[in-house]
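Following: one structure in structure tokens, then a few remarks.
Values below: every heavy atom of this structure, side chains too, minus hydrogens, waters and symmetry copies. Convention: sequence-line order gives letters A, B, ...; per-chain numbering from 1. Bear in mind the structure is a predicted one, so any value in this text is a computation, not a measurement.
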Amino acid sequence: MIKILYFARLKESLKFSSEDFQLTENIVTVADLMAHLSARGDAWGALFAGKTNTRAAINHALVENSAVIKAGDEVAFFPPVTGG
Amino acid sequence: MIKILYFARLKESLKFSSEDFQLTENIVTVADLMAHLSARGDAWGALFAGKTNTRAAINHALVENSAVIKAGDEVAFFPPVTGG
Amino acid sequence: MTVRVQTADFDAGFELNQLRLLRPDTGAVVSFIGQVRDLNEGDNVSSLTLEHYPEMTEKALQDIIAKAKSNWNIFDALIIHRVGTLKPTEQIVLVAVTSAHRGEAFKACEFMMDYLKTEAPFWKKEKGVFGERWIEAKTTDDDAKLRWTAGNN
Amino acid sequence: MTVRVQTADFDAGFELNQLRLLRPDTGAVVSFIGQVRDLNEGDNVSSLTLEHYPEMTEKALQDIIAKAKSNWNIFDALIIHRVGTLKPTEQIVLVAVTSAHRGEAFKACEFMMDYLKTEAPFWKKEKGVFGERWIEAKTTDDDAKLRWTAGNN
């Protein structure tokens, strides 16, 4: 199991902020997870597409989409940050 | 007549801070005035020599040594500035 | 090396005094204060709401300070970032750096802001006559960050 | 566009608040505080005395602000510089700049400090176990100023 968190525009379009998720053999990287989630359809399809250019973090550190996910990780998806 | 002011290290070595000075025909630029003052000897000789690299201002604006002096000007000599 | 994420306002003058007096050989304090503008993209803004990723935010800000410390000879650094809903002219962020001489402090402070803008998990949503909208990240912020790795510092 | 030369200390927090609230579209405030170090060239310093050229100083500082305004899109700027005798950790100078966005404010603030260090008529003399000595101008300060005319901004 992993935990997935959604922030900002993503959280708003999904209407929830987190879920527990069972990793499967064919989900190895962040990119794999994004493809899997997109295939859920509806709001999910748009989640990682278009101008929003979603960023990911694993265990509170920014990662590239090629980063490997392992059981127990906390994976977060969010739009490019706009603090400061 | 012009007024000449001395600041910081220069004022200290001359032991005074200003003088009224009568321009002569052969003193046209700041460099001419520096040469004239240096020729007074003693502390004056050292005033514009060596590492101190004296700066000049005319009427409260920094100038190069080629700047022309005219009657009524306030000419100031001082070391490179060290504020901030 | 202090990081604070808070809803409350901060007293920049107090913080700068604390920071500069930590070491008597401090010669330079450079600081940045960001505040809510009443205008964005030509529209009047009535409020700004900052969301963040609480478990990640402090670590991300500490990492930014650590990077600045490894790049420049600075004494200390402080980041205070507010979250929640703010009105125009309210303070959002304070980034401050101390060092012996000014050059290092200026570079480290701007570096920290450029990284904060691109790596710290904060998101801004603004309200106005236009309704509500998320503020889009600027490519100029990515460019600003890339300067620091292009040997141009 | 405020310039003050004074013997009294200043309240940086108060000044920054005044400055940033002048315009509600201010988004960025960058400031520099310089303070007396207890150490210079490896020697302990007990006090620092700042002499200046009173009739020229304010004009020189106003000229520096005017140059910064013509180079960058800044809203306002402030320079406060102290003169007289100061102890270690006392504040010497505050330079602050406001703008819509941070890039312009950072550049303008550092520009103003680089020009202040090379064009404003202040001279420092320090006291310590070594006696008294005038502080020598640094060629690195001349270099810092020259950057701004070399197209490297």
Side-chain angles (χ1 to χ4, degrees), chain A residues 1-21 29-31 33-34 37 42-84, chain C residues 3 5 32-37 40 48-64 67 79-84 86 91-95 109-126 132-142 144-145:
Chain A
M1 293 285 277
I2 62 170
K3 185 166 195 173
I4 310 179
L5 304 179
Y6 304 92
F7 289 96
R9 192 199 305 272
L10 280 67
K11 177 172 70 178
E12 248 182 24
S13 68
L14 295 177
K15 299 187 175 56
F16 64 90
S17 63
S18 72
E19 63 177 300
D20 292 322
F21 182 88
T29 65
V30 169
L33 179 58
M34 288 164 80
L37 295 172
D42 295 333
W44 296 97
L47 210 58
F48 304 114
K51 70 173 178 178
T52 301
N53 188 22
T54 305
R55 302 291 311 266
I58 297 180
N59 301 332
H60 316 133
L62 285 174
V63 295
E64 299 299 319
N65 292 352
S66 56
V68 171
I69 303 171
K70 56 184 197 313
D73 280 351
E74 177 172 305
V75 179
F77 291 113
F78 42 77
V81 303
T82 56
Chain C
V3 160
V5 180
F32 174 86
I33 297 168
Q35 72 179 29
V36 183
R37 304 180 68 219
N40 194 30
L48 186 70
T49 298
L50 278 134
E51 175 180 338
H52 74 130
Y53 179 179
E55 296 81 0
M56 176 173 171
T57 316
E58 293 204 7
K59 176 182 178 300
L61 298 177
Q62 286 287 7
D63 285 352
I64 290 168
K67 273 181 199 152
I79 302 177
I80 302 177
H81 203 298
R82 293 176 71 192
V83 292
L86 307 175
Q91 301 182 116
I92 303 169
V93 62
L94 172 66
V95 171
C109 190
E110 191 167 13
F111 171 93
M112 289 170 66
M113 276 308 302
D114 288 344
Y115 273 72
L116 190 155
K117 285 266 182 186
T118 49
E119 303 210 334
F122 295 100
W123 301 276
K124 285 178 185 153
K125 189 183 210 176
E126 58 188 3
E132 286 192 358
R133 65 187 179 201
W134 291 98
I135 291 187
E136 300 291 335
K138 294 185 210 156
T139 55
T140 52
D141 285 332
D142 293 319
K145 176 176 138 187

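- Without hydrogens or angle criteria, C:Lys125 side chain to A:Ala8 main chain gives no donor-acceptor distance under 3.5 Å.
- More than 12 non-hydrogen atoms from other residues, nucleotides or ligands lie less than 6.0 angstrom from CG of A:Asp20.
- Separation of atoms CG (C:Asp63) and CG (A:Leu62) is listed at 9.5 Å; rounding is to 0.5 Å.
- When all heavy atoms are compared, the tightest approach of A:Val81 to C:Ala137 is O-CB, 3.9 Å.
- Heavy-atom distances place no part of C:Ala60 under 4.5 Å from chain A, backbone and side chain included.
- The shortest non-hydrogen separation linking C:Met56 to A:Ala57 is SD-CB, 3.9 Å.
- Of the residues considered (C:Ile135, C:Asp142, C:Ile79), C:Ile135 shows the highest number of contacts with chain A, using heavy-atom pairs under 4.5 Å.
- Taking both residues in full, the closest heavy atoms of C:Lys59 and A:Ala61 are given as NZ-CB, 4.0 Å, listed atom of the first, atom of the second, then distance.
- Note that CD of A:Glu12 and CD of C:Glu132 are 7.0 Å apart. Values are rounded to the nearest 0.5 Å.
- Residue with the most contacts toward chain A among C:Leu50, C:Asp141, C:Thr118, C:Val83: C:Thr118 (heavy-atom pairs, distance under 4.5 Å).
- Under the 3.5 Å distance criterion, the side-chain polar atoms of C:Trp123 are matched with a main-chain donor or acceptor of A:Pro79.
- Counting only heavy atoms from C-beta outward, the side chains of C:Glu51 and A:Arg9 never approach each other to under 4.5 Å.
- Between the CD atom in C:Glu55 and the CD atom in A:Glu74 there is a gap of 5.5 Å [rounded to 0.5 Å].
- In this structure, C:Tyr53 and A:His60 have perpendicular ring planes: the angle between them is above 60°, well past the 30° mark.
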